[in-house]
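This report refers to the structure that appears directly beneath it.
Only heavy atoms go into these numbers, but all of them, side chains included; no hydrogens, no water, no symmetry mates. First the proteins, then the strands, lettered A, B, ... as listed; each starts at 1.
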2 protein chains.
Amino acid sequence: MNITIYDIAQKCNVSIATVSRVLNGSTRVSEKTRAKVLQVMKEMGYKPNPFARGLGLDSMKIVGVICTDVADIFYAHAVSLLEDGLRKHHFDVMLSNTGSDTGHNGKYISAMADKHVDAIITIGTPFSSESDVRQLCETARQIPVITINSDYHQPNMYSVVCNEKEGMKMVVAALAAKNCQDILYIYDSLTYSGRHKLDGFRQGIREWRLTEKPELIQQIPRTLEDTEALIDRLAKAAIPFDAIVTSEDIFAVAAQRAALRHGKNIPVIGCNNSILAQCATPTITSLDNKLTSLCNAAVHIVTELTGKEADSVPVRTEFSADLVERESFRR
Amino acid sequence: MNITIYDIAQKCNVSIATVSRVLNGSTRVSEKTRAKVLQVMKEMGYKPNPFARGLGLDSMKIVGVICTDVADIFYAHAVSLLEDGLRKHHFDVMLSNTGSDTGHNGKYISAMADKHVDAIITIGTPFSSESDVRQLCETARQIPVITINSDYHQPNMYSVVCNEKEGMKMVVAALAAKNCQDILYIYDSLTYSGRHKLDGFRQGIREWRLTEKPELIQQIPRTLEDTEALIDRLAKAAIPFDAIVTSEDIFAVAAQRAALRHGKNIPVIGCNNSILAQCATPTITSLDNKLTSLCNAAVHIVTELTGKEADSVPVRTEFSADLVERESFRR
DNA sequence: TTGTAGGCGTTATCAG
DNA sequence: CTGATAACGCCTACAA
């Protein structure tokens, strides 16, 4: 149906082997025939069939990217960065959203593996249940798995993380230095990243000898409505807090708005340094978790691993977080 | 390297043909052998090789999705919706970002076609240059192309649009009813969608006998900074305006903030009804362009087209826009 | 430098 | 109901 190497071989009076050779840049072809073949290929608009190539080589230069939900601005940004980077290295991107289907994410990675992608990159997706981890390991046996903001310490898996734990400690330190006593922490899920942020927060609280109050650590769904409702609830219950830290910018946006509505003009610090932080009024200070660096590193690992010499690829790559100060907090 | 139908055929003492049959759910297999084959397949962990299947069928159940930039919240949402819908119909998604590479987007669609995807969905991507359109048509000759918020009227192309032109007229009408005289319009690019919104705005202005002022129609880059700078510039030049309409929510967010800074508490209406509109204070009224409906329709077209009977698929599907009122504007 | 032939894993078309 | 066998398009030893 399409033009094949047979067609162009015939037209050039050579064998398909020769055509294949010029296609793969083999040096064992005379300049003359190479030129002719190239010429005819262009004339006929020949395009190699990726299926056929894939069958023999067991590779289609495709990388699977798995995230919770591209509609979320953070993951969207990550996917965009990964796509750009991978495309530069002639990899295509196959996208898969897991949704918040915790405990059943293994199936997504298995499904991706069945597609025979060359590598898989996951962003923040938790593989928490036992079966998840089993499927994850099984997959890694076949193809490399790069996890951004996760770390499973398994063979053929590579983790790229941002040290958000230290970042959160830094956040608490900055607030403590401003004499904040009762810091409200809002988060939604305990992914690898979520856990580390919470740990960092708690540790910061202890190090600065602030008292830990369970009612000031709140887990809620990641929506504006739930966040505003939470703040309303706390205000109604007269639970005091003099600063807000959140695991996601979107919480910070809503929390700040609700707090201001209650007359509380207090420091608010979000996380991810997304555009949302800049859309709020006042603009929101946010912990930058170096998404660009993380994605670049992940892409680099893929190219190394799929390249000729996959000699020394770091199993774990770590970046440090940064506090980006805006109106919602100044030292 | 992997387990093939040969392996399982051998183990079952049947031919590969039989195995293939149970694999494809053919009825012409005895219950007994079917059960046995299924059993052995499970035991050995057999997974069909998609390359081989693709080679024969010339289809890998993959749909290419092309957008300008997934990092943009609107496109991100679209990609998310498409991915969900397509996955439900057992299609994988191959993602491609063009970037704002206007005039050279043809190459992205050609590249996608070379991958032998089953269909291509574009979101808002403009194919403006002559070579772009040529490549687009060439691609459509091979595989169906569904364009969301575009319309090229070419064979084998299907367009799914939201009537944002009427939407914008509605917006102007609502503002005119509130006695706004000098409406500032901010936009960035003249894609299909961008053109129609601008047209709708202009037409609305004329219909309501408001005077058209060139200085009140401003084209700027899609950033918060540029938007704020624009408002500052207009304020400095003492150019009067008593309402703001924008082609994207992000403009509305920044414009409203800057306007408030200048003491202008005026109606602001954005477009896309994204989360950004809800992050601003006051929350922003926005023209909802029915992204969910658009994406669902696109997915539906793909399934129809790739299904058995591709008899009657509408060449053009149109939805109407809705005004979602929030604090930045009330009737 | 070039050609021949076998293999990659499935599907589909024949006969039986 | 089942089994051979020919595509599908490309790559790559092995020969020439």
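Each end of the helix from C/dT1-D/dA16 to C/dG16-D/dC1 yields a helix axis from five base pairs, and these two axes differ in direction by 40° (to the nearest 10 degrees).
Remark on DNA chain D: of its neighbouring residues A/Leu55 and B/Ser30, the 5'-side contact belongs to B/Ser30, judged by nearest-heavy-atom nucleotide.
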Would you list the atom pairs, donor with acceptor, under 3.5 Å between side chains in residues 64-85 of chain B and any protein atom, with sequence neighbours excluded?
unit_1, atom_1, unit_2, atom_2, d
B/Asp69, OD1, A/Ser80, OG, 2.9
B/Asp69, OD1, B/Ala71, N, 2.9
B/Asp72, OD1, B/Phe74, N, 2.9
B/Asp72, OD2, B/Arg222, NH1, 2.6
B/Ser80, OG, A/Asp69, OD1, 2.9
B/Glu83, OE1, A/Asn97, ND2, 3.3
B/Glu83, OE2, A/Asn97, N, 3.1
B/Glu83, OE2, B/Arg87, NE, 2.7
B/Glu83, OE2, B/Arg87, NH2, 2.7

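If you measure from atom CE of B/Met44 to atom P of C/dG9, you get 13 Å, rounded to the nearest angstrom. When rounded to the nearest whole Å, the span between NZ of B/Lys61 and P of C/dT10 equals 18 Å. Atom-to-atom, CD of B/Gln10 to P of D/dT2 comes out at 18 Å; the value is rounded to the nearest Å. We find that CG of A/Asn13 is positioned 13 Å from C1' of C/dT2, with the value rounded to whole Å. Going from atom CE of B/Met41 over to atom P of C/dG9 covers 16 Å, rounded to whole Å. Atom CG of B/Asp58 is separated from atom P of C/dT10 by 18 Å (rounded to the nearest Å). Whole-Å rounding puts the A/Lys36 NZ to C/dT1 P distance at 18 Å.
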Practice task
Check the pair B/Asp92 / B/Lys61 against salt bridge (charged side-chain N to carboxylate O under 4.0 Å, His left out), numbers first and verdict last.
Solution key: CA-CA 6 Å; B/Asp92 281 307; B/Lys61 297 275 288 176; over 6 Å; no
Practice task
Begin from the C-alpha positions of B/Thr125 and B/Thr122 and carry the test side-chain hydrogen bond (donor to acceptor under 3.5 Å, both in side chains) through to its verdict.
Solution key: CA-CA 6 Å; B/Thr125 318; B/Thr122 75; 4.9 Å; no
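Between the CE atom in B/Met44 and the CD1 atom in B/Ile3 there is a gap of 4.5 Å [rounded to 0.5 Å].
In this structure, A/Asp118 contributes its side chain and A/Val63 its backbone to no donor-acceptor pair below 3.5 Å. Here the side chain of B/Asn105 pairs a donor or acceptor atom with the backbone of B/Pro126 at under 3.5 angstrom.
Taking 4.0 angstrom as the limit, A/Thr33 places none of its side-chain polar atoms (N or O) nearer than this to OP1 or OP2 of C/dT1.
Across all strands, B/Asp7 comes closer than 4.0 Å to no nucleic acid atom at all (heavy-atom distances).
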Practice task
Encode nucleotides 10-16 of chain D as B, S and - characters from 5' to 3', where the letter depends on protein heavy atoms closer than 4.0 Å: B to the base, S only to sugar-phosphate, - to neither.
Solution key: BBBB---
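Contacts classified as salt bridge (Lys or Arg N to Asp or Glu O under 4.0 Å) and involving residues 124-151 of chain A (residues at least two apart or in different chains) are given here: A/Asp151-A/Arg316. Residue pairs satisfying the salt bridge (Lys or Arg N to Asp or Glu O under 4.0 Å) criterion with at least one member in residues 290-300 of chain B, sequence neighbours excluded, are absent.
Listed by chain and residue number, A/Gln135 satisfy the side-chain hydrogen bond (donor to acceptor under 3.5 Å, both in side chains) test with A/Ser110 (two or more places apart in sequence, or in another chain).
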